[in-house]
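Numbered from 1 within each chain, the chains take letters A, B, ... in sequence-line order.
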There are 2 protein chains.
Amino acid sequence: MTKPPQAGSEDAAAASLRSIPEASVARLAVYLRMLGELAEQGSETVSSDELAAATGVNPAKLRKDLSYIGSYGIRGVGYEIAALVRQLERTLGLDHLQAVALVGVGNLGHALAGYSGFGGRGFPVTALFDVDPDLVGIHINGIIVEHVRSIPEICAERGVTIGMIATPGPAAQGVCDLLVGSGVRCILNFAPVVLQVPPEVEVRKVDLAVELQILAFHVARKHLAGQDTATLDSRVNGHAANGSGGMLP
Amino acid sequence: MTKPPQAGSEDAAAASLRSIPEASVARLAVYLRMLGELAEQGSETVSSDELAAATGVNPAKLRKDLSYIGSYGIRGVGYEIAALVRQLERTLGLDHLQAVALVGVGNLGHALAGYSGFGGRGFPVTALFDVDPDLVGIHINGIIVEHVRSIPEICAERGVTIGMIATPGPAAQGVCDLLVGSGVRCILNFAPVVLQVPPEVEVRKVDLAVELQILAFHVARKHLAGQDTATLDSRVNGHAANGSGGMLP
DNA sequence: GCAACTTTGTGCGTGCCTTCACAAGCGACT
DNA sequence: AGTCGCTTGTGAAGGCACGCACAAAGTTGC
């Protein structure tokens with residue numbers, strides 16, 4: 001159905017990589033985590049209904065999402081968890097480690113550097129950078145903080161593929177340029193600015209203040225609505241998770 | 001155009017509160033921040049083109065977003081920044097402070113508690129909770145960490161409207177139930193679980209591991225694509241920011 | 001006071017994503 | 001071996017959001 005008529009797809013994974021809707025990719029990551037938990041609990045298979053209920057999505061949507069990466073379900077039974085996990089990991093590029101560089105070891109940056117969920121999930125934080133002389137040289141989780149000016153050499157040396165920017169807003173664009181210049185093509189940006197990047201670079205933004213403001217909007221709406229809350233909600237709702245996840249302090 | 005035929009809208013703000021697309025709400029918060037910066041630089045007005053360029057969105061989309069909250073632009077001139085900021089703040093519910101409770105003062109929680117961007121933007125962190133006896137009782141930014149079991153009284157007492165959950169995954173649902181039981185109707189969830197809540201409660205999820213996995217997918221895609229990167233990118237791109245923002249460590 | 005320019009506000013076409021609903025397929029039970 | 005029940009995979013429809021392009025409206029200059 002989504003099979004492109006061109007190119008004699010040499011590989012299921014390769015075929016899947018083209019044209020998976022971005023929204024689906026975000027959910028695939030959520031499915032993957034839930035599948036991991038199910039596997040730990042000893043389950044061998046899951047039905048789309050079970051997995052959908054556990055992850056809070058529509059069962060049909062889940063099946064369509066999984067269909068983008070190929071047919072790994074057994075009709076009448078469900079999905080074999082182990083096989084599905086393996087395929088999801090391949091699709092999401094988790095079959096080889098992705099070295100992550102983190103720039104900005106301040107308040108949030110420190111928390112990110114110490115977050116065990118990254119390394120455990122295939123994202124070893126491999127390099128730390130800052131400009132503050134008091135921070136450069138210290139060790140966090142066994143990694144030494146380097147000066148931002150060393151980004152090019154160190155990123156190249158350690159094969160960094162993903163950059164995280166947790167600097168103050170004004171510094172972010174400069175840092176971003178350095179990362180891009182070092183060959184980093186994917187960036188997770190926590191700074192409250194819109195980064196300018198060449199088209200081949202993918203930027204995702206996590207903006208905590210904006211998240212709170214969105215919630216504040218809903219507070220205001222619920223307040224205004226008064227007792228009519230339920231009616232209004234059922235009209236405006238329809239999504240809650242935006243896809244991002246896993247902070248175990 | 002978007003004027004609902006029912007209800008004799010008593011108020012512009014009230015009218016705007018119904019049926020603003022969620023995607024627009026997220027962008028309104030971004031516009032608001034950028035307008036704040038422009039105001040600091042001494043600007044009095046902005047055109048939609050300028051503001052759109054600064055925030056990385058399509059000018060038409062920006063105008064449509066702003067049209068949801070009313071007509072505050074002057075044709076031939078642009079938008080008067082001060083008036084627009086005021087109206088945006090009203091719409092987003094920032095005209096009165098929103099007391100925020102933060103549960104889980106571990107790695108990330110600590111960083112969030114110390115993040116100055118919240119209080120400065122109308123979101124004073126008013127209460128901190130944890131279960132760890134080593135943490136209960138300590139002060140962070142002048143706020144004492146209370147035990148999770150005190151959530152009901154303290155939230156009621158301090159008028160908490162927004163809850164942030166930064167606990168380990170397994171603890172999140174229990175904490176969520178406590179918050180909801182205390183009257184909190186909006187929750188920002190950093191724990192890697194899907195929270196079950198009654199329909200009148202709004203949950204937004206920030207999942208850092210998922211963000212990285214989405215980026216990893218793009219790394220894999222770019223790798224697979226080889227030199228064809230540019231072509232592929234222009235086909236698959238179309239959004240980069242997901243709307244969230246403001247971490248100044 | 002008029003004309004030309006600038007910028008907003010929005011109707012409309014387009015494409016993506018979601019959701020429903022159902023046929024095809026697989027296992028279990030008899 | 002056949003039938004029944006369950007679950008996947010997907011065609012098709014609906015809804016939402018995006019972006020274009022243009023008319024309305026206001027300003028500036030003469």
Side-chain angles (χ1 to χ4, degrees), chain A residues 1-3 12 15-16 18-28 30-31 43-53 55-81 83-84 87 234-243, chain B residues 1-3 12 15-16 18-28 30-31 43-53 55-81 83-84 87 234-243:
Chain A
M1 164 198 197
T2 43
K3 266 297 179 38
S16 69
R18 31 183 157 240
S19 74
I20 301 183
E22 188 82 6
S24 292
V25 174
R27 285 189 298 268
L28 290 178
V30 177
Y31 305 152
S43 306
E44 303 253 326
T45 60
V46 241
S47 69
S48 62
D49 278 32
E50 290 167 337
L51 189 54
T55 52
V57 305
N58 182 296
K61 181 157 52 173
L62 184 145
R63 288 198 295 275
K64 188 152 285 187
D65 286 343
L66 293 183
S67 79
Y68 289 126
I69 67 170
S71 289
Y72 291 88
I74 306 160
R75 296 171 190 232
V77 177
Y79 297 88
E80 196 205 334
I81 294 180
L84 189 54
Q87 187 55 32
S234 56
R235 245 187 49 218
V236 184
N237 268 350
H239 70 309
N242 70 355
Chain B
M1 164 201 200
T2 45
K3 266 296 174 44
S16 69
R18 32 186 156 238
S19 75
I20 302 183
E22 188 82 6
S24 292
V25 174
R27 285 189 296 269
L28 290 178
V30 177
Y31 305 152
S43 307
E44 304 252 326
T45 60
V46 238
S47 69
S48 61
D49 278 33
E50 290 167 336
L51 189 54
T55 52
V57 305
N58 182 294
K61 182 159 47 173
L62 184 145
R63 289 198 294 273
K64 189 157 288 188
D65 286 342
L66 293 183
S67 78
Y68 289 127
I69 67 170
S71 289
Y72 292 87
I74 307 160
R75 295 172 189 232
V77 177
Y79 296 88
E80 196 206 331
I81 293 179
L84 189 54
Q87 186 54 30
S234 55
R235 244 186 53 216
V236 183
N237 270 349
H239 71 309
N242 69 356

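Between A:S48 and D:dT8 there is a side-chain N or O to OP1 or OP2 distance below 4.0 Å. Residue B:Y68 places none of its side-chain N or O atoms closer than 4.0 Å to OP1 or OP2 of D:dA17.
A:L62 places its CG atom 15 Å from the C1' atom of C:dC17, with the value rounded to the nearest Å. One interatomic measurement links the two molecules: OH of B:Y72 to P of D:dG26, which rounds to 16 Å at whole-angstrom precision. In this entry the distance linking OH of B:Y79 with P of C:dT7 reads 12 Å, nearest Å. Taking atom CG on B:D49 and atom C1' on D:dA21, their separation rounds to 14 Å, with Å as the unit. Between A:E50 atom CD and D:dC6 atom C1' the separation is 12 Å, expressed in whole Å. Rounded to a whole Å, the CG atom of B:D65 is 10 Å from the P atom of D:dG19. One can place NZ of A:K61 at 19 Å from P of D:dG14, the figure rounded to the nearest angstrom. Rounded to whole Å, the distance from CG on A:L66 to C1' on C:dT18 is 15 Å.
When distances are taken from the side chain of A:S71 to each of D:dG9, C:dG9, C:dT8, the shortest belongs to D:dG9. The nucleotide whose nearest atom lies closest to any side-chain atom of A:A23 is, among D:dT7, C:dT8, C:dT18, C:dT18. Nearest nucleotide to the side chain of B:R63, out of C:dT8, D:dT8, D:dT10: C:dT8. When distances are taken from the side chain of A:R27 to each of C:dT18, C:dT8, C:dC22, the shortest belongs to C:dT18.
Partners of B:Y31 by side chain to side chain donor-acceptor pair (under 3.5 Å), not counting sequence neighbours, listed by chain and number: B:D65. Every side chain to side chain contact (heavy atoms under 4.5 Å, CB included) that A:A52 has, sequence neighbours left out, goes to A:V57, A:P59, A:L62.
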Measure all distances between protein nitrogen or oxygen atoms and nitrogen or oxygen atoms of nucleotides 26-29 of chain C, and list the pairs falling under 3.5 Å.
unit_1	atom_1	unit_2	atom_2	d
C:dC26	O4'	A:R75	O	3.4

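Base contact: B:A60 has a heavy atom under 4.0 Å from a base atom.
Using a 4.5 Å heavy-atom cutoff, the side chains of A:D49 and A:R63 are in contact. Looking at B:L66 and B:Y79, their side chains come closer than 4.5 Å, going by heavy atoms from C-beta outward.
Here A:K64 contributes atom NZ and A:S48 contributes atom OG; the two are 13.0 Å apart, rounded to the nearest 0.5 Å. Expressed to the nearest 0.5 Å, how far OG1 of A:T45 lies from CG of A:L84 amounts to 11.0 Å.
A:K64 contributes no side-chain N or O that forms a donor-acceptor pair with the base of D:dT10 under 3.5 Å.
When each of A:P21 and A:N58 is assigned the nucleotide of DNA chain C with its nearest heavy atom, A:P21 is the one assigned upstream, toward the 5' end.
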